[in-house]
Protein chains: 2
Amino acid sequence: MATDDLMTRALETLGDDAPLSVEAIHSLTDPADVPESMTIAEVADLLDISPHTLRYYERAGLVEVARDDHGHRVYDAEAVRRLVFLTRMRLSGMPMRDLQHYISLVDAGKETVSERLDMLLEHRDTIRRRIRELTLSLAATEYKIATYGGSTGPDVQTFDLAAGADRTPLPHEPSRPSPGRSEVSRK
Amino acid sequence: MATDDLMTRALETLGDDAPLSVEAIHSLTDPADVPESMTIAEVADLLDISPHTLRYYERAGLVEVARDDHGHRVYDAEAVRRLVFLTRMRLSGMPMRDLQHYISLVDAGKETVSERLDMLLEHRDTIRRRIRELTLSLAATEYKIATYGGSTGPDVQTFDLAAGADRTPLPHEPSRPSPGRSEVSRK
DNA sequence: CTAGGGCTTCGAGCGCGCTCGAACGCAAGC
DNA sequence: GCTTGCGTTCGAGCGCGCTCGAAGCCCTAG
């Protein structure tokens, strides 16, 4: 997913210890930079996704894009803003389906605002949950690293809790993977 | 991915404001609870994944599992510990491919320890990066919620930065989605 | 005049991680 | 004896989100 690069770049630009607040958001592809109209290549470049993906989003009904007299796509500022939003949501894990639903609400007019708000609130909770999951996994990984002597030096008592797969190989290893059963690709 | 449920449960058990430290890890399917041997259903239950998935992992070469005299799988404590580790890594986003590689290192013996450590360190960094990405997305989402009046009340100046898709519908909306092109599933 | 590059549409293909169906075996309970 | 239920193997299928290839058009540079 090339989309990740946008965020990666953003994170790099911000440095690893920036305050990471709403302030930071503004610097993320600031919509003020968006020109009146852009070509598909320019938008692709801006969002760090492929032209293929942009066409795909259009096919999926997420944006409407006009054509010039050669039949080439012309992205206006509104479309670009929408795409900025969409890629951001994709990046945070919102599925295409939900995005399609959200956009249909937008297109349906202002009476759907509260439903849209609900979606956003729910998505916020999803992100929060995911962050907590990852934080836990991070702790587990760091624990495992520690038992490996990542920084604690050699000969750490290896009584594996966060570990599991390999409590510092016992004498009787290696035990070969298993004589060729019908395997799932393992080249 | 039913695997998520393990973590979900764990998070719930811990409560939303727990210290979220290494301590917490111990309570996550504590390997001390693991009996001598288990059936596939029991393991599936323990890890909150399907028996299908367990068989799949075995086919993929991630664990070896013995059979009883009826040909039924018998998971010993070691296998279960390994699976705990594996599901944990899966949950934090490590791809099957990497897991297969890691396990092949484990099976290759103790001279691969440093390479394993490298993998873990890299994975740790991946998780950290992902957490930062999500944190940023979270901020963007919350910003958007705020412009919708999530708690700030009505009529927030809607000069959309974190927003994009829908700056509070203008008079000329709705503009219909686009007259039926060949669309990507949008039931 | 020609070659190259970038765009268009359409539909097919892919990588991932499961998930399921079919056809079968065995054991316990009614 | 037969059903129910849980297990087995094998291979196919699926949902997601792209990703790509083919065939063709148009513009510009050499």
Side-chain angles (χ1 to χ4, degrees), chain A residues 1-6 37-45 47-63 65-75 83 86-101 103 178 180-187, chain B residues 1-6 37-45 47-63 65-75 83 86-101 103 178 180-187:
Chain A
M1 193 193 289
T3 309
D4 286 345
D5 300 341
L6 209 201
S37 81
M38 302 177 73
T39 68
I40 194 170
E42 288 163 351
V43 177
D45 220 65
L47 302 177
D48 258 310
I49 60 182
S50 74
H52 285 302
T53 303
L54 281 170
R55 295 191 198 101
Y56 167 72
Y57 286 173
E58 187 179 347
R59 263 190 287 173
L62 295 182
V63 261
V65 186
R67 304 297 138 107
D68 65 13
D69 46 2
H70 302 311
H72 290 196
R73 284 172 178 77
V74 180
Y75 290 84
L83 283 166
L86 289 170
T87 50
R88 213 164 263 159
M89 292 315 248
R90 281 294 304 116
L91 194 54
S92 60
M94 183 177 278
M96 289 294 288
R97 231 168 314 124
D98 292 0
L99 249 12
Q100 289 171 327
H101 182 58
I103 253 52
S178 121
R181 298 197 151 276
S182 81
E183 282 173 14
V184 173
S185 79
R186 186 155 72 114
K187 68 143 180 305
Chain B
M1 194 192 285
T3 309
D4 286 345
D5 300 340
L6 210 201
S37 79
M38 302 177 73
T39 68
I40 194 168
E42 288 163 353
V43 178
D45 219 63
L47 302 177
D48 257 312
I49 61 183
S50 74
H52 285 301
T53 302
L54 281 170
R55 295 191 198 101
Y56 167 73
Y57 286 172
E58 186 179 349
R59 264 191 287 172
L62 295 181
V63 260
V65 185
R67 306 294 139 109
D68 64 13
D69 47 1
H70 303 312
H72 289 195
R73 284 172 178 77
V74 180
Y75 290 84
L83 284 166
L86 290 170
T87 49
R88 213 164 263 160
M89 293 314 246
R90 283 293 305 115
L91 193 54
S92 59
M94 183 176 278
M96 289 294 288
R97 228 169 315 124
D98 292 0
L99 248 12
Q100 288 172 327
H101 182 60
I103 252 54
S178 126
R181 300 196 149 274
S182 81
E183 283 173 13
V184 172
S185 76
R186 187 154 71 112
K187 65 137 193 313

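Note on naming: letters A, B, ... go to the chains in the order of the sequence lines (proteins, then strands), and numbering restarts at 1 for each one.
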Please give, in whole Å, the distance from D:dT19 P to A:Tyr57 OH? 9 Å
Please pick, from C:dT19, D:dC18, D:dG7, the nucleotide with the shortest atom-to-atom distance to any side-chain atom of B:Ala41. D:dG7
Rounded interatomic separation in angstrom, taking CZ from A:Arg90 and C1' from D:dG17: 7 Å
Heavy atoms of A:Val74 and A:Ser37 approach each other most closely as CG1-CB, 3.7 Å
For the pair made of NE2 in B:His70 and C1' in C:dA28, what is the distance, rounded to whole Å? 12 Å
Is there a side-chain contact between B:Arg73 and B:Arg67 (heavy atoms, below 4.5 Å)? yes
I'd like to know if the side chain of A:Thr87 reaches the main chain of A:Leu83, judged simply by a donor and an acceptor atom lying under 3.5 Å from each other, with no hydrogens or angles considered. yes
Between B:Arg73 and D:dT9, does any side-chain N or O lie under 4.0 Å from OP1 or OP2? yes
note: B:Arg55, atom CZ; D:dT9, atom P; distance rounded to Å ~ 7 Å
Is the shortest side-chain N/O distance from B:Arg97 to OP1 or OP2 of C:dC16 below 4.0 Å? yes
Can you tell if the side chain of A:Tyr56 reaches within under 4.5 Å of the side chain of A:Met96, non-hydrogen atoms only? yes
Rounded interatomic separation in angstrom, taking CG from B:Leu54 and P from D:dG7: 11 Å
Distance in angstrom units between B:His52 NE2 and C:dC16 P, rounded: 22 Å
Which whole-number value in Å describes the distance from A:Leu86 CG to D:dC18 P? 11 Å
Separation of D:dT8 atom C1' from B:Tyr75 atom OH, nearest Å, is 12 Å
Between B:Pro95 and B:His72, who's closer to the 5' end of DNA chain C by nearest nucleotide? B:Pro95
